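What follows is a set of notes on a single structure, which appears directly below.
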2 protein chains.
Amino acid sequence: MDVQRLLIFREIARARSIGGAARSLGWTQPAVSQHLRHLERQAGTPLVLRRPRGVQLTEAGQALLRHADAIAARVQAATEELEALVQLRAGTVRLAAFPSAGATVVPAAMSLLAGRHPHLDVRLREAEPPQALDLLAAGDVDVALTFAHAGETPAGTEEMVRVPIGQDPLRLVLPRSHPCAEPADVPLHLGELAQEKWAGGCERCTAHLRQACEAAGFAPDIRHGTDDYVLTQALIARGLAVGLLPQLALDAARDPGVAVRPAAGVRPRVLYLLHHREADQIPAVRGALGALTDIAARACRAEHAAPPG
Amino acid sequence: MDVQRLLIFREIARARSIGGAARSLGWTQPAVSQHLRHLERQAGTPLVLRRPRGVQLTEAGQALLRHADAIAARVQAATEELEALVQLRAGTVRLAAFPSAGATVVPAAMSLLAGRHPHLDVRLREAEPPQALDLLAAGDVDVALTFAHAGETPAGTEEMVRVPIGQDPLRLVLPRSHPCAEPADVPLHLGELAQEKWAGGCERCTAHLRQACEAAGFAPDIRHGTDDYVLTQALIARGLAVGLLPQLALDAARDPGVAVRPAAGVRPRVLYLLHHREADQIPAVRGALGALTDIAARACRAEHAAPPG
DNA sequence: CCATCCCATAAGTATGACTTGGCGGTCAGC
DNA sequence: GCTGACCGCCAAGTCATACTTATGGGATGG
């Protein structure tokens, strides 16, 4: 059964005449007449009686009209629902972010997004980059915020789009009482901490630390390993270690007992947004990507503005 | 929104791939691909993500699928309902019949029809031919069983089809004790009852009676007028009048106190089925017409068989 | 690394959808 | 009783569009 014709039939029933329906539809009378004929042939029974002043529905026509009305209502509902999704008056976007971003950039972006589109349902899931990638591949999230240390080949299949949105410099974190704790603005070479005990971060961060130290000519004595940046700072504050932490982790939570200095010669890690190649055409995803890049750009400007200020 | 494409999209969702949907539909892959493209363009958002192993529905796609499922269900229901109407497993047919037929031919036809199509809803409304015509014109009944006396121009607009289905001879009805009551099989001339008091039937029947008597050379003394053939016979049985009644009225109810003789020179009235020109294409109507003509034919055969028997 | 399985694109064809033009029938009003 | 208005059907022509064929690119898996 041709559903399009059903809606034409509905117009015939409304106008109570074939010519009237044609006028409503902006067609000529024979066009509508032919549609009706096809419909009746398929139905196997007349749907209307042709009478001098127009048409009158038969029992079958009345039955069909009820269904046509229901179908038209559904089509209308579908149109409205899609419209809402396109205009971001509805919809969901699911984000995955690594912990330190989840505590800083992402909430800011979500807040911005909520202001722009109050009815958008934004959901955050914390995940380290490898797991975030899995979530993305499985379709469990729409956008993943990940990072890659300098020198690492950024993960992600060819299926995905990788959008760099900013850099996150790494800082050397020491106990306040440490001889190298000052001056805070002057970069410190890793090598000066060659004899210290170290605290590493997540697996990839620890690997990166090892690699950076190697480049500086020593093998670090890594005693602790945790991706909890609060715990890491607590260890450092008590003089149990030193560490190399990303600025974002320090922004998220700063232990008053630690001192921070730029790490000379250590290139910042790069933040990436990952999504399916076509996903940025989805309104909700596009909105989320926009908010995230806006927040990242804002942070970037602040960073650039900071040194002069 | 093109509804047909919605059902194609439904197939894509079911197959979880465009090519798979194409195979299900017996088409080539680009055909389905193009439909999806059009649908997405109209929707203003991607409905699926193209992934290496097939496609994955976006939020908008999932929403649309729900509506598409509902629409498909409605289409299915409509198809089934029409099918039932065509096969006479459902449906209604509304009849109008004049009283004496309503008590004889029509019940027989309805019984026959009920045997053939037990689920058909047949409704009878009693109406004299003029009113039956109005009902038919107003669309309140589908078939009208009417009659025309010989010489009358059968009523009905050009819009209608008139199907003669049989004749109903008129009989002279007398009190049993009347000198002319015998012999029952021999036709009696109206003129022999010129001096009697008469009982007329309905308006048109009374007019016909007057006309028939005029043709026989006298003006009848019509004392009573009722379309109730039971009442008329009661009057006659008590010797209060004589009458000219159609055979059908006598078949419907025969007062034991009356005698009946063929009326010489009075041509029978003709029974007609009336319906809209296209109405006989409607299965329920076609069924009813069939049953009515079958019964009429059967009655006709019985009549022809009677004289020899 | 090649074979396979997805899908997209481009161009060609053919079905069928809508228009034009013409006709018959019914009804209302002069 | 005839004429004009309305409503519908039919036939033929044109054009849109819905498919096909052919081709190519990206991802996956032996």
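All of these numbers come straight from a predicted model, not from anything done at the bench. Below, each value reflects all heavy atoms present in this structure, side chains not excepted, and no hydrogens, waters or symmetry copies. Order of the sequence lines fixes the chain letters, A, B, ..., with proteins taken first and strands second; residue numbering starts at 1 for each chain.
For B/Arg50 and C/dA8, the shortest distance from a side-chain N or O to OP1 or OP2 is below 4.0 Å. Put simply, A/His35 has no side-chain N or O that comes within less than 4.0 Å of OP1 or OP2 on C/dG16. Remark: A/Ser33 is not in phosphate contact with D/dG8, judged by side-chain N or O atoms under 4.0 Å from OP1 or OP2. Residue A/Arg51 has no polar side-chain atom (N or O) positioned under 4.0 Å from OP1 or OP2 of D/dC7. The side chain of B/Arg5 places an N or O atom within less than 4.0 Å of a non-bridging phosphate oxygen (OP1 or OP2) of D/dA18. OP1 and OP2 of D/dG26 both lie 4.0 Å or more from every side-chain N or O belonging to A/Arg277. Between A/Ser17 and D/dC7 there is no side-chain polar atom (N or O) within less than 4.0 angstrom of OP1 or OP2.
For B/Gln34, taking side-chain heavy atoms from C-beta onward, the closest of the listed nucleotides D/dG29, D/dT20, C/dT19 is D/dT20. When each of C/dT19, C/dC7, D/dG8 is scored by its nearest atom to the side-chain atoms of B/Ile18, the top-ranked nucleotide is C/dC7. For A/His38, counting side-chain heavy atoms from C-beta on, the closest listed nucleotide (D/dT20, C/dA17, D/dA11) is C/dA17. The side chain of A/Arg53 approaches C/dA28 more closely than any other nucleotide in the set D/dT20, C/dA28, D/dC9. The A/Val55 side chain lies nearest to D/dG8 when the options are C/dC7, C/dC27, D/dG8.
Spacing between atom CG of A/Leu39 and atom P of C/dA17 amounts to 12 Å, rounded to whole angstrom units. Residue A/Gln4 contributes atom CD, which lies 11 Å from atom P of C/dA17 at whole-angstrom precision. Here the P atom of nucleotide C/dC7 and the CG atom of B/Leu36 are 10 Å apart, to the nearest Å. Atom-to-atom, CG of B/Leu49 to C1' of C/dC6 comes out at 14 Å; the value is rounded to the nearest Å. At whole-Å resolution of the value, NE2 in A/His276 and C1' in C/dC7 are 15 Å apart. Atom P of nucleotide C/dC18 and atom CD of A/Glu11 are separated by 14 Å, given to the nearest angstrom. One atom, CD1 of B/Ile8, and another, P of D/dC19, lie 6 Å apart when rounded to the nearest Å. The separation between A/Gln56 atom CD and D/dG8 atom P is 13 Å, rounded to whole Å.
Between the side chain of B/Arg94 and the main chain of B/Gly139, a donor-acceptor pair closer than 3.5 Å is present. No donor-acceptor pair under 3.5 Å is formed between the side chain of B/Arg10 and the backbone N or O of B/His67.
With hydrogens and angles left out, the side chain of B/Gln29 and the base of C/dC6 share no donor-acceptor pair within 3.5 Å.
The side chain to side chain donor-acceptor pair (under 3.5 Å) check on A/Gln62 picks up nothing, with sequence neighbours excluded.
Within 6.0 Å of CZ on A/Arg123 lie no more than 12 heavy atoms contributed by other residues, nucleotides or ligands.
Between A/Phe98 and A/Phe147, the distance from one ring center to the other falls under 6.0 angstrom.
The pair A/Arg66-B/Glu81 meets the salt-bridge criterion, with a side-chain N (NZ, NE, NH1 or NH2) lying under 4.0 Å from an Asp/Glu carboxylate O.
When each of A/Thr28 and B/Pro30 is assigned the nucleotide of DNA chain C bearing its nearest heavy atom, the one mapping closer to the 5' terminus is B/Pro30.
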